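Numbering of ligands and ligand atoms starts at 1, following listing order. Numbering of residues begins at 1 and proceeds along the displayed sequence. These numbers come from the heavy atoms of this one structure, side chains and all, not from hydrogens, waters or symmetry mates. Computed from a predicted model, the values in this text were never measured in an experiment.
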Amino acid sequence: MDNTVLKAIRERRSIRRYFPGQIKEEELKAVLEAGTWAPTGKGTQDPVIIAVQDPEVCAVLRRLNAEVWGKPGIDPFYGAPTIILVFSKADNPNCVKDGSLVIGNILLAAHSIGLGACWINRCKEMFESEEGRQLAPRLGIPEGYEGVGCVSLGYIEHAAPAPRPRKADYYKIV
Ligand SMILES: Cc1cc2nc3c(=O)[nH]c(=O)nc-3n(C[C@H](O)[C@H](O)[C@H](O)COP(=O)(O)O)c2cc1C
């Protein structure tokens, strides 16, 4: 079987080279809206999605992420002009699951409209640092929320290499 959704799932790749130009607002909104349609445990809709486009705030996020990674000076977001942060309620046992599905939708939606995106780790650690804690209210991150992941987003400057084939025993039908 095949259709456009299955094709998009197969063809989405992590993009790690972006043009510096900002994406259109309608593109950003389409991607964020797709995130909001992810399922959540018990339908809580707990996750919050924060898109950052202010170059100064993006620069702080790039630095913070690199610092918590132990690689100061590099840009873990590959120069992407938009950085999306996904948080979810820390005391919800589905915190990471809910947030991860939001990110999955965001990655797939970005691909489906021709944008490049990549999950970037260390969101939790960024906002557990002293500087991250101080930045959180400025970004509208609610109290008691935990970073699940970040996404770099922008126009594709260089496509990703072909994916590795799927491992032979990835699924079983029993
Ligand atoms: C939980 C998770 C964390 C990831 N963290 C990073 C990251 O910090 N930096 C990065 O460049 N890619 C990151 N990735 C992207 C993976 O490396 C990528 O999905 C994987 O290599 C498969 O490639 P594909 O997405 O093109 O299929 C992450 C992916 C996931 C699911």
Using modelled atom types only, decide if a donor and an acceptor are shared between the side chain of Arg133 and the backbone of Glu128 within a distance under 3.5 Å.
yes
If we ignore hydrogens and angles and just use 3.5 Å, is the side chain of Asn65 paired with the main-chain N or O of Asn121 as donor and acceptor?
yes
Can you find a heavy atom in the side chain of Leu85 that is under 4.5 Å from one in the side chain of Leu61?
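Side chain of Leu85 against side chain of Leu61, heavy atoms only: contact under 4.5 Å found.
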Flag side-chain contact, heavy atom, 4.5 Å: Glu131 against Val60:
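A side-chain contact exists here, since the closest heavy-atom pair is under 4.5 Å.
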Considering only heavy atoms, which protein residues lie less than 4.0 Å from any atom of ligand 1?
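Ligand 1 is contacted, at a heavy-atom distance under 4.0 Å, by Arg12, Arg13, Ser14, Arg16, Tyr78, Cys118, Trp119, Ile120, Asn121, Arg122.
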Any side-chain donor paired with an acceptor under 3.5 Å for Tyr145 and Ser88?
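Distance-only check fails for Tyr145 and Ser88.
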Might you point out which heavy atoms bring Pro76 and Arg122 nearest each other, and give the distance in Å?
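That closest heavy-atom pairing would be CB-NH2, 4.0 Å.
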